[in-house]
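Each chain gets a letter, A, B and so on, in the order its sequence line appears, and its residues count up from 1.
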Number of protein chains: 2
Amino acid sequence: MKKITINDVARHAGVSKKTISRVLNEEPNVSIETRKKVEESFIELGYRPNPQARGLASSQSYLIGLLYPSQSNSYVSNIQKGALERCRAEGFHLVIYPEDHENENLISQFESNLYSSNLDGIILTPPFSDMTKLLDLLKEREIPVVRVGALSSLDKIPSVISNDAEASYEMCRYLISIGHHKIAFIKGNLDHGATEQRFSGYNKALKEAGIPIIEQFIQQGNFSFESGEDCARRLLSLKTPPSAIFASNDYMAAGIVKVAKQKGISIPHDLTVTGFDNAPASRYIWPSLTTIKQPITEMAIEATRMLIRIIRKKPLDRLSVTIRNELIVRESSAPAKT
Amino acid sequence: MKKITINDVARHAGVSKKTISRVLNEEPNVSIETRKKVEESFIELGYRPNPQARGLASSQSYLIGLLYPSQSNSYVSNIQKGALERCRAEGFHLVIYPEDHENENLISQFESNLYSSNLDGIILTPPFSDMTKLLDLLKEREIPVVRVGALSSLDKIPSVISNDAEASYEMCRYLISIGHHKIAFIKGNLDHGATEQRFSGYNKALKEAGIPIIEQFIQQGNFSFESGEDCARRLLSLKTPPSAIFASNDYMAAGIVKVAKQKGISIPHDLTVTGFDNAPASRYIWPSLTTIKQPITEMAIEATRMLIRIIRKKPLDRLSVTIRNELIVRESSAPAKT
DNA sequence: GAAATTTATGATAGCGGTGTCATATCTAAT
DNA sequence: ATTAGATATGACACCGCTATCATAAATTTC
């Protein structure tokens, strides 16, 4: 099975290389009959254009990079799923770059990676979405970028976000609606954009309901299972413990569930625990967690769609797209005891 | 910042393009002084070779594909981690292909993907590692392949495996050693290679210990949380229920834990439950699971190392490499009640 | 119906490297 | 000293495609 090149097709269809190229790239100014003839030749010969050659001639690579934190989790796999779906549909390939976001040399290392791959565009996930140095680098290189889950909205850089503050607000409204007013909140890392937003929804909901915010009910975690355990120990040993604990991610919530059970506290009978993210573990623990499902895959699809439009130099409808979260009520929440 | 090409470097160093190319590719027959001079020019000019051009001229792409099942989990992210580590170190890029393994058109779809990307090589993960049609396709195309976690050992196709049967054996030995002899086993999907191996370890250990194998103690699951629940319900309603249940993955084990707790059965006091895989969820549930840690990342590193050797046409030390699993004892197992 | 556009097509020169082969220089062997 | 072989380097074609520009044919305009 020898390779079929554009010359073979040209000969077969009785036209010039350039016309083949025009059909390939959907350029205008090809008559309908010619186009048809060429497309038939494609099929008949089983022709596949060589991406290397196209890339060289057009200075494109048909490669899109995905930058994400290396201690990856279900968030990442959903992002990948969405990004790939679009890439595939549009004839691009996805190259993944898990990077340690605390790495001092990130920028320079990533820069050398950029060089060696000629990416057509890059998708940034948190916390990279908010790293200004990185954004500057990409701007300088004129590499198209789309940011996912970014905190700040930067001029001219397109982004896709979810409404975390609102979802957090909604979760608290739900808790209040089933009778809770002693609601604790566990924050995540402060350097993660979502932390602030999720907390703001909590604040808003409580204020609105006229519930005073008790300082001891606000605990600082770091998104890890262990930090959830620590916070739970502190919260559950208060003289007046909360009747509901809202952790800003599911892993911390799982830690709370564990500590509560160890203390013989029944969930949700004695204590309601809720999380955020709808991580796989939220289904696997018992009781399963009431949580917020982020439309991660959908966000990635949208981000990739936007990126490819930019690469193709087509206009974007909007510079920032928001995709809505969804409250999922499972077994870990119940009305407050009266 | 304009692009520096090989011609610029050639002029700067006062040698021909070809000599630059030689230095770039570490070819022999370049004098030490020349090499030094050229390397200095690289740095001074900030030269980066264009991968597209290299690819076109040498019919390489510096791209490695990773094929894995699309309902991805922690297994996949560990595989990615390992594969990437090696790719990066060797100047390759990783392109990911999550595919539905039950898709009828997998082969033809994947084939068209192959065409459009010119991969230098491919890493196959289960259950793709054992799909003969796929292997045939890749063989026909003469694309280097390494299989991870393959069941059958095929001639000439290199593979990296873990000793699942042994690990399963070891787990059972551990259970027996702490006094269990009513040990149930939950199988996974039959089409997944590991299923059989994990079961064989169970068989061997019990036989060796002179424990009769009770048919009802062998349950058929499908690696899902829900199937674990189902199997648990059946097992725990037997007249003489098992004192230990060994599920062949952690998700099923989590399902068992849930059902047991719902029935008021205390783990590990009344029932020991163990899993396989060391999935993240195995740490997040309570009690945390005794399980088998697979050296997944290490397997991927080794697989990628082998693949790159093949691509570079360097000889392989061994055609099949085995990396050992490890038993991790956590909270879900305890001595049998006497 | 002539001039001005628009549309369709091809010839040719790269894109930035590598492969092949020729040539020049150096070392080892006779 | 002479020759054979190894080592170092360069000239140039070529990888498979796209960009530019020229040209021919079809259409519109006045």
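In this structure, the CD1 atom of B:Ile20 is 12 Å from the P atom of D:dA11, given to the nearest Å. Following rounding to the nearest Å, A:Asn25 (CG) and D:dA19 (C1') show an atom-to-atom distance of 11 Å. Straight-line distance from the NZ atom of A:Lys37 to the C1' atom of C:dA8: 12 Å, rounded to whole Å. Atom CZ in A:Arg54 sits about 20 Å away from atom C1' in C:dG17, given to the nearest Å. Here the C1' atom of nucleotide C:dG16 and the NZ atom of B:Lys17 are 7 Å apart, to the nearest Å. If you measure from atom CG of B:Asn50 to atom P of C:dG17, you get 6 Å, rounded to the nearest angstrom. The nearest whole Å value for the distance from the CZ atom in B:Arg22 to the C1' atom in D:dA8 is 8 Å. The CD1 atom of B:Ile32 sits 8 Å away from the P atom of D:dA8 (whole-angstrom rounding).
In this structure, B:Arg86 does not pair ionically with B:Glu302, as no charged nitrogen and carboxylate oxygen lie closer than 4.0 Å.
A:Arg54 and A:Asn25 get closest at one heavy-atom pair: NH2-OD1, 2.9 Å.
Listed pair A:Ser58 / D:dT18 fails the phosphate criterion, with no side-chain N or O lying under 4.0 Å from OP1 or OP2.
Note: B:Phe128 CZ to B:Tyr97 OH = 13.0 Å, rounded to the nearest 0.5 Å.
Comparing C:dG10, D:dT9, C:dG17 by their nearest atom to the side chain of B:Val30 picks out D:dT9.
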